[in-house]
Structures are given as structure tokens and as C-alpha cells.
Amino acid sequence: MSGDHHAASPPIPERPAQAVRVFHTSDWHLGVSVRNVARSDDHDAVIDEIVAIAAAAAPDLILHTGDLFDGQRPAMIEFGRAIRALRRLAEVAPVVV
């Protein structure tokens, strides 16, 4: 999935003095397949976009509120994808899942 297909993100507003900025993400559903086609390439592209937006927003905290995986027993490859993505986000700000 090319970055050309994504809508441009709206500009990030200036942070008011003494405000805390929290970046919220959720519902990644890593490991989902649609009509027996894995969505891993789409997930990788969206994770890249999420990391870029988080970096531009410069939050104080990144909060992932659930549905990181699509099922109760994700494959190890999806655990690896999640760990890599969360580590990338942790380079931007502390992450809470």
C-alpha cells in the first residue's frame, strides 16, 4: 500500500503552555485476514504512518487502548510486529498498552 493512497493528516495544533499531549491509538487487529488474505503489508504501512504522525505530534505519552491483536492467540510473527512497532513508538514517547 503506497503512501500516495492515504489522505493527508491535518496539521497538528500548537501545544498550549503547560498542556500535556497524549497520542491515542487502538484497534490495530494485527493478524487479521480478509478472505484468507493476510493484511500484514497494510499493517506495516499503517504502523509507519502512525509512527510518523506520533513523531510529528511530539506527545508526552502514547496510549494504545486495545485490540492490538485480532484474536486471543496471535501468531509469533504478529507478536514480533507488535513489539517492533511499540519500540518505534517508545522512541517518540513512553507507551502504555
Side-chain angles (χ1 to χ4, degrees):
M1 186 168 176
S2 168
D4 298 337
H5 294 96
H6 294 285
S9 297
I12 297 167
E14 292 295 320
R15 182 189 313 220
Q18 300 179 352
V20 174
R21 178 168 281 168
V22 176
F23 184 90
H24 173 251
T25 185
S26 68
D27 295 291
W28 291 4
H29 290 274
L30 299 177
V32 71
S33 293
V34 176
R35 296 186 180 152
N36 294 323
V37 176
R39 301 297 304 268
S40 54
D41 290 341
D42 293 331
H43 282 130
D44 290 339
V46 170
I47 289 167
D48 287 345
E49 187 175 5
I50 289 168
V51 171
I53 294 168
D60 298 297
L61 177 72
I62 297 172
L63 181 62
H64 191 300
T65 57
D67 292 331
L68 183 57
F69 301 104
D70 193 56
Q72 295 178 358
R73 293 179 172 246
M76 288 306 294
I77 194 164
E78 300 307 334
F79 272 111
R81 178 173 279 111
I83 290 167
R84 287 188 302 277
L86 295 171
R87 283 182 177 163
R88 289 175 62 198
L89 287 171
E91 292 175 7
V92 175
V95 177
V96 175
V97 177

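Among the candidates I12, V92, I53, the single residue satisfying the side-chain contact (heavy atoms from CB on, under 4.5 Å) test with P59 is V92.
Of the inter-residue distances, the one linking L63 atom CG with H24 atom NE2 reads 5.5 Å to the nearest 0.5 angstrom. Between I47 atom CD1 and R84 atom CZ the span is 8.5 Å, to the nearest 0.5 Å. Atom CG of D60 sits about 4.5 Å away from atom CZ of R15, to the nearest 0.5 Å. Rounding to the nearest 0.5 Å gives a distance of 9.0 Å between OG1 of T25 and CG of L68.
Using a 4.0 Å cut-off between charged nitrogen and carboxylate oxygen, R88 and E91 do not count as a salt-bridge pair.
The aromatic rings of W28 and H64 sit perpendicular to each other, their planes meeting at more than 60°, with 30° as the lower class boundary.
Using a 4.5 Å cut-off between side-chain heavy atoms of Ile, Leu, Val, Met, Phe, Trp and Tyr, with links allowed through other members, I62 and V46 fall into the same hydrophobic cluster. No chain of hydrophobic side-chain contacts below 4.5 Å, direct or via other Ile, Leu, Val, Met, Phe, Trp or Tyr residues, connects V32 to V97. Clustering ILVMFWY residues whenever any of their side-chain heavy atoms sit less than 4.5 angstrom apart, transitively, puts M76 in the very cluster that holds L86. Transitive grouping of hydrophobic side chains (ILVMFWY, heavy atoms separated by less than 4.5 Å) brings V20 and L61 into a common cluster. Hydrophobic clustering of Ile, Leu, Val, Met, Phe, Trp and Tyr side chains at less than 4.5 Å, counting indirect connections, keeps I83 apart from V95.
Without hydrogens or angle criteria, R39 side chain to V34 main chain gives no donor-acceptor distance under 3.5 Å.
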